[in-house]
Amino acid sequence: MSRNWKIERRTFLRGAGALLPLPFLNLMEANARSGDLYVSDPPLRFMTLFKPNGVHPPSWNVNGGKENDFRMSPLMQPFAKHKDDLLILDNMGDFGFSSHSNSTRRFLCGHHQNSRSASVDQLIADQIQGDAPHRSLELTTEGLFVNQIGCSYISYDKKGGMMPRDSDPQLIFDKLFRNPLSDPGKRAEMASLLDRVSSDAKALQRKTGVEDGDTLDEYFTALRETELKLEKMGPLDQGLESSKFARLARPLAPSNMDEQVNAMLDVISMALWTDSTRCISYMLGNSNSRMIFDFLGIKKQHHYLSHFFRNFSRENIDSLLKISLWHMEKFDYLLNKLKSYKDHNGRLLDHCVVLYGSGMGHSDNHTAQRIPVVLAGQGGGKLKTGRYLRYSKNQELGRLHLSLLDLFGVKQESFANAKQPLPGLGGGKFDEFVERPYESWVKVDSGVMTVQGRLRMSDNLDEAKVFYIDVEGRNSVRMEIGFGDFHSRNVAYHVGTPIKLTGKTVEKDGLTILNKITGLESLFGNSTPGKAGG
Amino acid sequence: MRSIFCIFFFPAFLLGGVFEDQVVPILERSCLKCHGGDKTKGKVDFSEILTEVDAGDHLDLWETVLEVVELGEMPPEDEKLLSSEEKKKIRGWHEEFIKLPVEIAIPVFRPRRLSANEYKNTLRSLFGFDLEVGIARAEQTESGEKSLVLKILPPDPPGKSGYFNDTYSTPLSSSLLENYTYLAGVSLDRLFSKKGKESLSRMIGQNGDWDGKITPSLAEEIVRSFLPRILRRTVPDERIKAVLDPLKGKQGKELVSVLMFELKTFLISPEFLYRGFLAKPSGKKGRQAVDPFELAERLSYFLWEDMPDDELFQSARNGDLQDKAEVGRQVARMLAEPRARNLSESFGVQLLGLSSIDDQIKNNPIHLHAMRTQPRDFLHYLFTEDRPVMELLDSNVTFVNQSTSGFYGNDRRRLAPFHKPRGIERQRTMNQRLEIKDAEGRGGILTMPSILSMNHGPILRGTWMLRTILGVRLGEPPGDVPAIKPPPRGKKMTFRERFEAHRENVTCARCHEKIDPLGFALDGYDKNGRYLLASYHKRGNQPSIDTSGKLPSGEEFKDFEGLKHILITKKRDQVIRNLTSQLLSYALCRKLGRGDQSVVEAISRKATLGNLTWKDLLIEVANSVPFRETLFSQSEAK
């Protein structure tokens, strides 16, 4: 599809001189585009970013909100500035509870029992590789969890086997941009080597003895793929490869995890921009990640903290929110990168679909509902972004995957349990969640305030102890309560839902602040849903 | 997917209708709607499984059934879930069923890719040098991966058996093939460079005077010595000739480059990267002994995680390995070689899950080194010095260095002094072998500080002991497991008391009645492995820590010593059976099936009654039917 596009870009890059730093190169290309260099469509890319350990729903969920009128949740603040490029999906998932390994499989396979087919990224990779030398990259941050191996993989091959993952940004960089095979001589040698090995292996195949078609087939497939890769790095690139990639900066050896992830996201963006690959999956951690975020000053393991209800303490919640914010910041970092690269007649992000999310909703009780899923990028105009889609009924992830397959041109009748694609992604109709109507109001009577409205956490997670109750037509009521109230009234449980609340107030900096709860009633739900720790 | 087990066993024993009376009705009631007859969702069809004999044909299926039923994944959410009574019936039948003796059944032979470690070791043995990454690091900094091979190859997940050498389910990808090609290139480049001269001259028997020039006759020499070692067996003349032909008439640089090319084709061939493509069937039908080179390879990868050495090749060539006594002799010899270290580094580490020590100690390389090496050195000692199997749990020998000596009371005075160079404050030190005489509460793997600190707290310790030592698999806790309740207001409860309350819930009790007594017995040790009770005993005080307990099978004990005594007496056969089956699974690089049970039974009975040593046990495994024999697909019984 894009040979032309490639020649144009590569010729241009060669002309740009070998020593220009990247941003400048970028700038030049942006200027050059007015010359209408491009005759074909840019390739579409697919990128997945996996967040471990579900979410803390009170701070993640969007409270209320309609398709085009919604307020991003406190946890979404780090990437709120990209709102116009996002499609936030809500009410995604299965029923019931989910183990960590099931939720890992669910993320890209649509359903945890879909374990004999390829994950959606791999199906897409096959379809869109085009001229890109590397079919796909499977990347991760954390090592293998040997005891729960299912938690360490999101990408699966067509037999449902685990795709090996790479985790060293420097190695990936070298593989993509300092590959010995970019040298034509080396490539020729490799080609004849593969030729020989292939004919020898065929002889082996004909021989009697061990008859294991499957295993040998696997070897032949790998051989063929490597030959294909050589062709794609092929004659077009002679002399260009080195000049094209020489300018890309090799990441330094990271000294902590934050640097490692940033380096990897840098390499990912470069890989997509240079069209070295069009499909990448990246895990920010295993799905039951036990990483210790010491660079955030946190000494406890993420998985332990993610069970925020069982292992409740104010300090643990704060730590969990810090970690969650860090995950959101990484998504923001990636989006910034993808926007910073000019691609064709626009930004790289315009020609990408980024799938960000997890395979699990509530990180403590492991519900498989309201799984966090955000799409970013316009997918070449096929996604209508800037919207919040909250479906009236629970939607299995498989439906989303079926839509993505369609978007990337993979013709498939069904995926996992899904027979129908997910409606609404391109701007079409969908069955939107409608909340039961309720009235919101405030009454104050001699220091006792009664307020009815939707409870939410403060947008600023640095003050995670502060809650607001939204009341139509006036400022939200600020609530600063002590630990006793928070704990015994199970305030976190009610976040996002309408409540009627009675309490004592105090004046602070000219504001009336509710600081002691004397009564809490859920309008539509259970008023005493059980206590923290119970 | 084709089951790898060729089923041709004749169940000599059946449970007399338990399956038909208790399990089949449940299947009919709750499963058949979607998994039987017209509909066979997930290709599962229970309508064809009516008797226990049928059930035996689908061994893998039952494990899946138990798992999904246990997790509440099946029946699906819109159907009625199984009652705990029903679950118990299926589980109970399965537990008994898999214990039934059956005839030995051997799976059809399948080639298997070398694991990353096997590949690394094999490459080193072939070339005589290690490939290391080009960055030197100080001892005190956290050490990254030193081996170039392990740095470049993505880690393989453990297979169904739980062991890394079980690579059946991880595919070879094109990027992996590219990595293999790169590593083969780097190795050959180095071999034919100045740096590799020593290795090369060793390979072709040249002495120090050799000028390093590759003459045509030396090139032939290299081919003849290298090829059989790459393919790990004698190579037919025509194959050697096919490699020698392109070398004809070449000289100097050209000769070397053609030679390197030819060798490279072998180093990325399936015959090298996989084990078993060249295994030769005997021609007769049914189960048959593997050919001598295959057996040699099985032995060396089992004991060394590496290719056979010259002596083992020699023994294979002579046909000596057919003799079980010769296999015994070879095992004994191989255990005395330095490469036997890999048995504890690989099997031992995976058996006991020791890699989690690495994940837990992040910022203190010296402490990490001490904690890592202690159990490994101990296992190496047990495996190679002919120690009784049960010394794993009960031994008066341990391995101690400067960092761990503090755990061993007055015994540490008998250690040779550790010397520190001037200006060095802390350093890594080698472990010394130490006989435990005075130190209280030590001896055996369970009370080793590194094991105790690897598993903090009674629950992790209990679970670990149950799984690793007793071989009991618990499965995942149910998804909606309630939290451990805090004590009611105003009441003080110990951790132990809170778990006693937790066990009042029947669902929780199922696992916790097994876990808790084992774990709480170790409460006399703190999270760093320090023995808290020593000081009480010294002062003659009654300890305030309750370490007593009662196992579900009825045995009571008053402290950990009591539990240990039960483990090495009443539970002795269970422990040995577990260790045997782990060892066999590792040796065969696959998950054991029902057809292996009688082998496990026979070996463990022998080990229990005869007080066998680890060396004996290794020899028994090496001489067992599934290790020595195989089944080729074309000889498959119909």
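Computation of the quantities below employed the complete heavy-atom set of this structure, encompassing side-chain atoms and omitting hydrogens, waters and symmetry-equivalent molecules. Values in this document were obtained by computation on a predicted structure and should not be read as measured data. So you know, we letter chains A, B, ... as the sequences are listed, proteins then strands, and number each from 1.
Side-chain contact between B/F277 and A/L216 is present, with heavy atoms from C-beta onward closer than 4.5 Å. Here the side chains of A/R135 and B/S174 are not in contact, with every heavy-atom distance at 4.5 Å or above. Contact check for A/I149 versus B/P158: side-chain heavy atoms found under the 4.5 Å cut-off. Residues A/Y219 and B/L177 meet the side-chain proximity criterion, which asks for heavy atoms closer than 4.5 Å.
For chain B, the nearby part of A/R165 is the backbone; its heavy atoms alone come within less than 4.5 Å. Contact of B/T181 with chain A is made through the side chain alone, with heavy-atom distances under 4.5 Å. Contacts of A/S167 with chain B are absent, with no heavy-atom separation under 4.5 Å from either backbone or side chain. Heavy-atom distances place no part of B/L176 under 4.5 Å from chain A, backbone and side chain included. Contact annotation for B/I268: both backbone and side-chain heavy atoms come within less than 4.5 Å of a heavy atom of chain A. Proximity to chain B is limited to the side chain of A/Y153, based on heavy atoms less than 4.5 angstrom apart. Only the side chain of A/N179 comes within contact range of chain B, with heavy atoms under 4.5 Å apart. Only the side chain of A/L171 has a heavy atom closer than 4.5 Å to any heavy atom of chain B. Heavy atoms closer than 4.5 Å to chain B are found in the side chain of A/L181, but not in its backbone. At a 4.5 Å heavy-atom cutoff, the contact between A/E189 and chain B is made by backbone and side-chain atoms alike. Contact of B/R112 with chain A is not made at all, since no heavy-atom distance falls under 4.5 Å.
B/S175 pairs in a side chain to side chain contact (heavy atoms under 4.5 Å, CB included) with only one of the listed residues (A/M163, A/H134, A/K175), which is A/K175.
One distance of note links OG1 of A/T226 with CD of B/E178; it measures 6.5 Å at 0.5 Å rounding. Atom-to-atom distance recorded for B/T265:OG1 and A/D195:CG is 12.0 Å, nearest 0.5 angstrom. In this structure, CG on A/L193 lies 5.0 Å from CZ on B/F261, to the nearest 0.5 angstrom.
In this structure, B/S269 and A/V197 approach most closely via the heavy-atom pair CA-CG1, 4.4 Å. The shortest non-hydrogen separation linking A/E218 to B/L172 is OE2-N, 3.0 Å.
The environment of B/Y182 atom OH is sparse: at most 12 non-hydrogen atoms of other residues, nucleotides or ligands sit within 6.0 angstrom.
Not counting sequence neighbours, the partners of B/D156 by the side chain to side chain contact (heavy atoms under 4.5 Å, CB included) test are B/R113, B/T167, B/T170.
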